[in-house]
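Data first, discussion second: the structure below is written as structure tokens.
The structure displayed is predicted, hence computed values, not measured ones.
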Amino acid sequence: IIVMSVMNGFKNELTNKILGLNPHIVIQSNGFYIDDKYIAKLENNFKDISISKTYSGEGIIIDNDQAKGIIFKGVNKKEKKIKEFIEKNIIRGDLNKFEKNNILIGSELAFNLNLNEGDRINLMSSAFVATPLGSLPKQENFNVAGIFNTGFVEFDQNIIFLTTEDALSIFDKDTKDQNLEIY
């Protein structure tokens with residue numbers, strides 16, 4: 001009974017942490033525009049869902065002489081599930097500072113790159129921009145608004161959160177390219 005109780009508790013904790021960061025369903029806009037009418041139709045047909053507009057992609061974080069490949073996740077901090085997740089897991093910083101040109105990073109990434117709240121870093125995306133010297137990866141500078149800790153080392157060292165507008169900008173995408181995450 002004790003072993004079963006411990007294992008069930010561990011399973012519940014693991015499931016909650018994984019689903020706190022990952023949605024149950026992701027709808028990508030591959031070829032069609034996800035408009036408010038489509039979102040309203042989903043909300044009417046399924047009463048117990050929470051929908052977030054996001055955009056994710058891969059890139060590189062650069063600080064001083066260090067670089068690391070990571071996943072950029074553009075989110076809207078006002079959406080219910082995102083707000084709950086950030087408020088529950090932020091350990092340093094202020095959710096109110098998480099706005100345009102500011103990011104949230106995991107505690108393991110902050111430790112590995114020796115980053116603190118308020119530091120300025122450079123992000124490089126997999127999108128390219130044309131220059132007179134040829135195509136170069138798109139880069140932008142951001143401030144670290146806060147540090148989060150989910151309890152999963154893989155998440156905390158490989159994911160950063162930025163605003164959806166910043167994510168779309170660094171990947172050279174439009175608002176029509178956003179994905180829907182359904183919880």
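- Put simply, the side chain of Lys138 reaches to within 4.5 Å of the side chain of Ser169, judged on heavy atoms.
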N/O donor-acceptor pairs under 3.5 Å from side chains in residues 104-117, not counting sequence neighbours:
unit_1 : atom_1 : unit_2 : atom_2 : d
Asn112 : ND2    : Glu108 : O      : 3.3
Asn112 : ND2    : Gln157 : OE1    : 3.4
Glu117 : OE1    : Gly93  : N      : 3.4
Glu117 : OE2    : Lys97  : NZ     : 3.4

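- Ile182 pairs by the side chain to side chain contact (heavy atoms under 4.5 Å, CB included) definition with Ile25, Ile27, Leu42, Ile49, Ile51, not counting sequence neighbours.
- Hydrophobic side-chain contacts under 4.5 Å tie Ile60 into a cluster, directly or through other members, with Ile62, Met124.
- Under the side-chain hydrogen bond (donor to acceptor under 3.5 Å, both in side chains) criterion, Thr164 pairs with no residue at all, not counting sequence neighbours.
- Here the CD1-CG distance, from Ile34 to Asn179, works out to 6.5 Å after rounding to the nearest 0.5 Å.
- Between the Asp177 side chain and the Lys173 main chain, no donor and acceptor come within less than 3.5 Å of each other.
- Side-chain contact between Leu95 and Ile86: present, with at least one pair of heavy atoms (C-beta onward) separated by less than 4.5 Å.
- Separation of atoms CG (Asn89) and CD (Glu84) is listed at 11.0 Å; rounding is to 0.5 Å.
- Annotation: side chain to side chain contact (heavy atoms under 4.5 Å, CB included) contacts of Asp48 (sequence neighbours excluded): none.
- Within the 4.5 Å cutoff, the side chain of Asn122 has heavy atoms near those of the Gln139 side chain.
- When hydrophobic clusters are built by joining Ile, Leu, Val, Met, Phe, Trp and Tyr residues whose side-chain heavy atoms come closer than 4.5 Å, directly or via intermediates, Leu168 is not grouped with Ile82.
- Using a 4.5 Å cut-off on side-chain heavy atoms (C-beta onward), Asn102 and Leu162 make no contact.
- Side-chain contact check for Ile90 versus Phe85: every heavy-atom pair is 4.5 Å or farther apart.
- Phe142 and Tyr55 end up in the same hydrophobic cluster when Ile, Leu, Val, Met, Phe, Trp and Tyr side chains are linked at under 4.5 Å.
- When ring centroids are compared, Phe161 and Phe72 stay outside the 6.0 Å threshold.
- Partners of Asp156 according to the side-chain hydrogen bond (donor to acceptor under 3.5 Å, both in side chains) rule, which considers only residues two or more places apart in sequence or in another chain, are Thr150.
- The side chain to side chain contact (heavy atoms under 4.5 Å, CB included) test applied to Glu165 returns Thr163, not counting sequence neighbours.
- In terms of the side chain to side chain contact (heavy atoms under 4.5 Å, CB included) criterion, residue partners of Asp36 (sequence neighbours excluded) are, by chain and number, Ile39, Lys53.
- In this structure, the side chain of Asn143 does not engage the main chain of Ala145 through any donor-acceptor pair within 3.5 Å.
- Pairing each heavy atom of Pro137 with each of Ser125, the nearest pair is CB-O, 3.7 Å.
- Taking a 4.5 Å side-chain heavy-atom cut-off between Ile, Leu, Val, Met, Phe, Trp and Tyr, the cluster of Leu133 contains only that residue.
- Counting only heavy atoms from C-beta outward, the side chains of Lys83 and Lys88 never approach each other to under 4.5 Å.
- Contacts of Phe98 classified as ring pair (Phe, Tyr, Trp, His ring centres under 6.0 Å), with partners at least two apart in sequence or in another chain: none.
- With sequence neighbours excluded, the residues forming a side-chain hydrogen bond (donor to acceptor under 3.5 Å, both in side chains) with Glu79 are Ser52, listed by chain and number.
- Here the closest heavy-atom approach between residue Phe171 and residue Ser126 is recorded as CE2-OG, 3.6 Å.
- Scored by the side-chain hydrogen bond (donor to acceptor under 3.5 Å, both in side chains) test, Lys176 finds no partners at all (sequence neighbours excluded).
- For the pair Ile103/Ile121, a side-chain contact is recorded, criterion being any heavy-atom separation below 4.5 Å from C-beta on.
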